[in-house]
Amino acid sequence: MTENNEKSNYEAKDITVLKNLEAVRLRPSMYIGDTTKRGLHHLVFEVLDNGTDEFLAGHCSKIDVVINKDGSVSIEDDGRGIPVDLHPEMNKPAVEVVLTVLHAGGKFDNKTYQVSGGLHGVGVSVVNALSGWLEATIKRDGKIWNQRYERGRAVSELKELGESSETGTKITFLPDSEIFEEIIFDYEVLIQRLKELAFLNKGIKINIKDERNGKNDEYCYEGGILSFVKFLNENKNQLHDGIYFEKKQEGMDFEIALQYNDGYTDNILSFCNTINTIEGGTHEEGFRTALTRSINDYIKKNKLGDNVSGDDVREGLSCVISVKIPEPQFEGQTKTKLGNSEVKGIVSKIVYDKLNTYFEENPGIAKQLIRKIIDASRAREAARKARELTRRKSVLESGSLPGKLADCQEKDPSKSELFIVEGDSAAGTSKMARDRKFQAVLPLRGKVLNVEKARIDKVLANNEITNLISAIGTGIGEEFDLSKLRYNKIIILCDSDIDGAHIQTLLLTFFFRYMKELIENGNVYIGLPPLYGVKKGKKIHFVTKEEDLEGTLENLGKDGLTIQRFKGLGELNDDQLRVTAIAPESRDLIKVKIEDGIKADQIFTILMGEEVAPRRKFIFENAKNVKHLDV
Ligand code: 0RA
């Protein structure tokens, strides 16, 4: 090869590199999902994954994360350090290749648990491409090295900064404001994932510091996912010490931790290669099958009663399943469902064998758990019978919709809305204020049951709840079917006083525990009734948010104004209610979202559960925001 030829060859490679990064910058969502706050934080998680890979390979013990004063973030690990020697083909330092070529990282390294096709694992080059600037500082081969990049391109040579006997990688970057909607890192969002990673990588030390305000936290769990399960059950009455199984086989690693509490809901979290598989998959299926089978075997062997269902055995169960496998297949709408079919049988066998042994060795705990499970089964059976009775009854009485429901004419659910309205008088006004073509009203008269403290039979004996379930149409629990949803928007409309806030929380607790998919699917809303009416002459202006009052008063000019504070929907006439809370073009709605499922579970446990001490603490700590409860 002549010198000339070689030169043009390198140029061709450089062009490929630039095209690569340009593709990432043109369509960032293809690589990181979206360019919202979520995508922004994803950049940090991407770099973190490289550090935890080093940990899993046995080369790293800690990761330090710092949000710097200038808004950039640094992630430093004490792993092997990204290689700095010249890459023979590219004629560039390996670190530059890793940071500028898509998916180059893996080529240097036989990573055991490479994350592919999922949410993470796109590589640090993607982070580089989407950063205004990025600096890599590497300790390796006795030296400290540094290189700077802007919008994905190297703007300096790899420089030697000094000597060090340590090894590790520090990546500091500022996301590109041309790409992201906002580039401000949220400490709470970061610590949620850092804590999760510390649970999932037993023994790793993860520290974070926010230089903008001095906040800092440290996470290290020698108990791994067993500590995770204890954390999930923190404010609940735990029925026994947590149980932990681990098995490594065929290059895969399987871990399961579980602990029952005396509550009525389950909390099963699953992960593959530290990615939260929200949609479940084969590892979860394997676990569920084995748990039900093992318990039914025990019941039969010890003649403790009849067969129980999956719902029964999961009542009060908190569980974390973590599998690490070389070639994961992620499926489903959000690519968070594990598809590898071989995993189901392996997990199922491990759980079945180990649970059987555990029950044999701990007969006291086994009997206690089975008593609870059989209670659950009886309650479910009673509820089923009661439901069948009412179903037959309502069929006889023609139509199975609740009598109190003022339905809409529209039959297409995607165009229909349901208002759940507190109190008789407000419901009356709402019926007049609505557009009956597409808006239905369901009044709540009696008390809504606190489902956090009640088992399924009581839940289904509560009139307000059964009315709600039949009006919505989807059913609950294992029978839940989103395709049967009768209204695209379900709007909770309560008074803006303490009682209203309480009813709103009770309803949200119900939706969270029994129709979580509706929240996840974005069908549940909270209507904001006006807080104030500001009268000027005959005209009345409505204010729905406390912080808007001052502005409205200023806009109207302070003279000759009378201010009325509304406490209940009942104080409004139908025209006023239509404008402020019912008509789509002028009302204010909040969509209910689950930002952090673990925190949401704990909030409901604390707010609605039995234990008073954590509730006091919570209300005290949140005294300012308690009114705007954000699930
Ligand atoms: C390529 C190869 C090796 C390690 C890494 C990349 C690596 C990347 C990052 C990103 C953040 N921290 C990191 N730590 C390591 C293997 C190096 C070897 O074989 O010595």
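FYI, side chains are in, hydrogens and waters are out, and symmetry mates aren't considered; it's all heavy atoms of this structure. This one's a predicted model, so the numbers in the text were calculated from it and none came from an experiment.
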Handout entry: Check: T544 and F542 side chains under 4.5 Å, non-hydrogen atoms
Key = no
Handout entry: Main-chain N/O of D312 paired to E315 side chain as donor or acceptor, under 3.5 Å
Key = no
Exercise for the section: Work out which heavy atom in R314 is nearest to a heavy atom in D266; give both atom names and the distance. Expected result: O-CB, 3.0 Å
Handout entry: Main-chain N/O of R445 paired to E464 side chain as donor or acceptor, under 3.5 Å
Key = yes
Practice task
Evaluate the side-chain proximity of Q602 to F231: yes if any heavy-atom separation is below 4.5 Å, no if none is.
Solution key: yes
Practice task
Take atom NZ of K195 as the centre, draw a 6.0 Å sphere, and report whether it contains more than 12 heavy atoms from other residues, nucleotides or ligands.
Solution key: yes
Practice task
Taking the side chain as every heavy atom from C-beta outward, state whether I490 and I472 have any pair of such atoms under 4.5 Å apart.
Solution key: yes
Handout entry: Nearest atoms (heavy-atom pairs only) where L569 meets P529
Key = CD2-CB, 3.4 Å
Exercise for the section: Measure the spacing between OG1 of T509 and CD of Q504 and express it to the nearest 0.5 Å. Expected result: 10.0 Å
Exercise for the section: Run the numbers on N237 and N261 for side-chain hydrogen bond (donor to acceptor under 3.5 Å, both in side chains), then give the verdict. Expected result: CA-CA 5 Å; N237 291 319; N261 61 63; over 6 Å; no
Problem - Under-4.0 Å salt bridge between D601 and K236 - result: yes
Handout entry: Cation-aromatic face contact K489/Y525, 6.0 Å, 45 degrees
Key = yes
Completion exercise
Smallest heavy-atom separation, A440 atom then C408 atom, equals CB-N, 3.7 Å
Exercise for the section: For R434 and Q439, indicate whether the former's side chain and the latter's backbone hold a donor-acceptor pair under 3.5 Å. Expected result: yes
Handout entry: Contact check, side chains of W133 and S72, non-hydrogen atoms, under 4.5 Å
Key = yes
Practice task
Go through the steps to decide whether K599 and E188 satisfy the test side chain to side chain contact (heavy atoms under 4.5 Å, CB included), and finish with yes or no.
Solution key: CA-CA 11 Å; K599 215 176 215 167; E188 294 298 319; 3.5 Å; yes
Handout entry: S318-N233 side chain donor-acceptor pair, cut-off 3.5 Å
Key = yes
Exercise for the section: Output the distance between atom CD1 (I67) and atom CG (L190), rounded to the nearest 0.5 Å. Expected result: 5.0 Å
Problem - R25 with E178: basic N within carboxylate O range, under 4.0 Å - result: yes
Problem - Any side-chain donor near an acceptor of the partner, N216 and Y187, under 3.5 Å - result: no
Practice task
Side-chain contact test, heavy atoms from C-beta onward, threshold under 4.5 Å: evaluate it for D495 versus F566 and give yes or no.
Solution key: no
Problem - Flag for N523-N521: side-chain donor and acceptor within less than 3.5 Å - result: yes
Handout entry: Salt-bridge present (K37, E595; N to O < 4.0 Å)
Key = no
Handout entry: Minimum side-chain heavy-atom gap F199-L194 below 4.5 Å
Key = no
Handout entry: Main-chain N/O of G71 paired with N68 side-chain donor or acceptor, under 3.5 Å
Key = no
Handout entry: Check: M608 main-chain N/O paired with N450 side-chain donor or acceptor under 3.5 Å
Key = yes
Practice task
Give the ring-plane orientation class for F510 versus Y514, where under 30° counts as parallel, over 60° as perpendicular and anything between as tilted.
Solution key: parallel
Exercise for the section: Decide whether D548 and T552 meet the rule of one side-chain donor and one side-chain acceptor closer than 3.5 Å. Expected result: no
Exercise for the section: Just do the side chain to side chain contact (heavy atoms under 4.5 Å, CB included) check on I420 and L493 with the steps written out, would you? Expected result: CA-CA 6 Å; I420 303 167; L493 193 54; over 6 Å; no
Exercise for the section: Report yes or no: does E279 contribute a side-chain atom to a donor-acceptor pair with the main-chain N or O of T336 at less than 3.5 Å? Expected result: yes
Exercise for the section: Using distance alone, with no hydrogens and no angle criterion, decide if E284 and S270 have a side-chain donor and acceptor under 3.5 Å apart. Expected result: yes
Handout entry: Test item: E234 side-chain N/O and K230 main-chain N/O as donor-acceptor pair under 3.5 Å
Key = no
Exercise for the section: Using modelled atom types only, decide if a donor and an acceptor are shared between the side chain of H41 and the backbone of D186 within a distance under 3.5 Å. Expected result: yes
Exercise for the section: Determine, for D407 against R436, whether the closest basic-nitrogen to carboxylate-oxygen distance falls under 4.0 angstrom. Expected result: no
Exercise for the section: Could you go through the side chain to side chain contact (heavy atoms under 4.5 Å, CB included) check for K593 and E520 one step at a time? Expected result: CA-CA 7 Å; K593 284 191 225 157; E520 285 164 349; over 6 Å; no
Handout entry: Check against salt bridge (Lys or Arg N to Asp or Glu O under 4.0 Å), R578 and E585
Key = CA-CA 10 Å; R578 178 180 304 120; E585 58 276 13; over 6 Å; no
Exercise for the section: Check whether any side-chain heavy atom of L485 sits under 4.5 Å from a side-chain heavy atom of P413, and report yes or no. Expected result: no
Exercise for the section: Answer yes or no: is there an ion pair linking E452 with K458, defined by an N-O contact shorter than 4.0 Å? Expected result: no
Handout entry: Crowding at CD1, I184 (>12 non-hydrogen neighbours, <6.0 Å)
Key = no
Exercise for the section: May I ask you to say whether D559 pairs ionically with K536, meaning some side-chain N is under 4.0 Å from a carboxylate O? Expected result: no
Practice task
Please determine if K385 and D457 form a salt bridge, counting it only when a charged side-chain N lies under 4.0 Å from a carboxylate O.
Solution key: no
Fill in the blank from the handout: d(Y260 OH, L317 CG) to nearest 0.5 Å is 4.5 Å
Handout entry: Whether R486 side chain and K411 backbone form a donor-acceptor pair below 3.5 Å
Key = no
Handout entry: Between CD1 on residue I491 and CD1 on residue I590, distance to nearest 0.5 Å
Key = 12.0 Å
Fill in the blank from the handout: Heavy-atom nearest pair, F271 first then T277, reads N-OG1, 3.5 Å
Handout entry: Reported CG-to-NE2 distance for the pair D49 and H42, which is rounded to 0.5 angstrom
Key = 7.5 Å
Handout entry: For the student: nearest non-hydrogen atoms of V126 and V24, plus distance
Key = CG1-CG1, 4.0 Å
Exercise for the section: Evaluate the side chain to side chain contact (heavy atoms under 4.5 Å, CB included) criterion for residues S131 and D176: first the C-alpha distance (whole Å), next the side-chain angles of each, then the deciding distance (0.1 Å), finally the verdict. Expected result: CA-CA 4 Å; S131 293; D176 193 345; 5.8 Å; no
Problem - Point-to-point distance, once rounded to the nearest 0.5 Å, from OH of Y219 to CZ of R193 - result: 13.5 Å
Practice task
Quick one: closest heavy-atom pair of L232 and I598, and the distance?
Solution key: CD2-CG2, 3.7 Å
Exercise for the section: With R455 as the cation and Y264 as the aromatic partner, state whether NZ or CZ is under 6.0 Å from the six-membered ring centre and within 45° of the axis. Expected result: no
Exercise for the section: Measure up the F604 and F512 rings against each other and bin them: parallel (under 30°), tilted (30 to 60°), perpendicular (over 60°). Expected result: tilted
Practice task
Evaluate the side-chain proximity of S430 to I582: yes if any heavy-atom separation is below 4.5 Å, no if none is.
Solution key: yes
